[in-house]
Amino acid sequence: MPGNDAIGADDTFAARLLAWFDRCGRHDLPWQHPRTPYRVWLSEIMLQQTQVRVVVPYFERFVAALQDVGALARAPLDEVLALWSGLGYYARARNLHAAARRCVEQHGGQLPRDLDALVALPGIGRSTAGAILAQAWGDRFPIMDGNVKRVLARWHGIGGWPGTPAIEKRLWTIAAAQLPDRRMADYTQAQMDFGATLCTRYDPACIVCPVHDGCVALREGRVAELPTPKPGKPLPERSALVLLARRGDGRVLLQRRPPTGVWASLWSLPEAPGHELARDWFARHLVGDYDAGEPLVPIAHGFTHYRLQLQPLQWREVAPHARVADNDDLRWVARAELATLGIPAPIRKLLDTMLPEGSP
DNA sequence: AAGACGGGGAA
DNA sequence: TTCCCAGTCTT
């Protein structure tokens, strides 16, 4: 008579999740075919705080342009930022680029198969390192993203915001204890698919859940209230003027943003906190009448940590100041060049509106 | 421990 | 509108 484990002990959380994954999981994501370390890495970085639907087209475009670690390392940062333009969290792109260059210098042009070496690379934390090793190599490391936190908080009935260090530590311990002995790549993907499609934040499908048996939140009627949401606080507001200076030939003046802060190193419109400073900047860089600037429809843009209101002012025909030439931080850009630059999403939208396709 | 860092989609 | 999401880095 075989013992319990001979039957497969297929009652564990991991075994049930894997069986569900075989039937209902996502097996056609672009980074799964082929599932190379580089493609897994890129997908994991893009997927940080960003949903699959949004990532897929960016991923396809990125790997088509830069096919491996070496190509990424050789590419100029501006090209990487252009490929990232619209995804947000641009530090991810800068870190990705820097990490690729370090891989060339220190790891023979490949991603290291080592947790600590991966975590030492910029942009890779413990969760992403685990996800890379598990998916690319099948190594036994847990991950800890929003999906896993939600699933574990419910299944074990753990209250309190999962971002709390003490709770997060407890979740890591639980996640490590629940790892299967094999099929780590599938298990890692299964957790994310499960959290994203079934054990969702709102209206989870407990009725068809493969692990509803044993779920503490379900048994205690606490599914809707777990995980405990992050304590909220009011967002500060900030406003600024942005200058849309156009030349007779249709080119527009763009300025590279500072290397730190929001939209770091991206190309954007010149920005000033108010008219006084905007007028000064205008006088130093342009020939024309500041007061002739036309106010355009304001742009409202929400960030995680504050709300930004941008008031665009447009000049249809100004000339560059004689002393001001194009340089690394200031450029007159033709419409056709916009696609090749890293530009914040709301600014790109404004430019697309004001400089319609086919215009000079 | 808390704040910084983007953008899109869902409720 | 508000909240959330395949986190990580800096202070």
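Any value given below was found using the heavy atoms of this structure, including those in side chains, with hydrogens, waters and symmetry copies removed. The structure presented is a predicted model; accordingly, all values stated were derived computationally and were not measured. In what follows, every chain begins at residue 1, and chains take the letters A, B, ... in the order their sequences are listed.
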Taking only heavy atoms on the protein side, list every residue of residues 173-207 of chain A lying under 4.0 Å from any atom of DNA chain C, sorted numerically.
A/Gln189, A/Met192, A/Arg201, A/Tyr202
Output for pair (A/Ile299 CD1, A/Leu350 CG), nearest 0.5 Å, gives 4.5 Å
When we call it a touch if two heavy atoms are under 4.0 Å apart, what does [X] touch: a base, just sugar-phosphate, or nothing?
X        : answer
A/Trp31  : base
A/Thr50  : base
A/Val148 : nothing
A/Thr128 : sugar-phosphate

If you measure only the distance, is there a donor-acceptor pair under 3.5 Å linking the side chains of A/Arg26 and A/Thr197?
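Short answer, no.
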Short side-chain donor-acceptor distance under 3.5 Å, A/Gln255 and A/His285:
no
Using the P atom in both, what is the distance from B/dC5 to C/dA6, to the nearest Å?
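Pairwise P distance, B/dC5 against C/dA6, rounds to 23 Å.
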Give me the distance, rounded to whole Å, that separates B/dG8 from C/dT8 when you measure between the P atoms they each carry.
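Those two atoms are separated by 22 Å.
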For A/Pro165 and A/Pro346, find the nucleotide of DNA chain B closest to each by heavy atoms; which residue's nucleotide sits nearer the 5' end?
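First, find each residue's nearest nucleotide; the 5'-ward one identifies A/Pro165.
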Measure the shortest side-chain to side-chain distance between A/Leu243 and A/Leu286 over non-hydrogen atoms and say whether it is less than 4.5 angstrom.
no
Joint hydrophobic cluster, A/Phe21 plus A/Val52, side-chain heavy atoms closer than 4.5 Å:
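No, separate clusters.
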Write down the distance between [atom1] ([X]) and [atom2] ([N]), rounded to a whole number of angstrom.
X        : N     : atom1 : atom2 : answer
A/Ile45  : B/dG6 : CD1   : C1'   : 16 Å
A/Phe303 : C/dC4 : CZ    : C1'   : 17 Å
A/His305 : B/dA4 : NE2   : P     : 6 Å

Any donor-acceptor pair under 3.5 Å joining the side chain of A/Arg26 to the base of C/dA6?
yes
5'-most contact on DNA chain C: A/Arg307 or A/Asn147, nearest heavy atom basis?
A/Arg307
Find every protein N or O atom lying less than 3.5 Å from an N or O atom of nucleotides 9-11 of chain C, and list the pairs.
residue, atom, partner, partner atom, Å
C/dC9, OP1, A/Gly123, N, 2.6

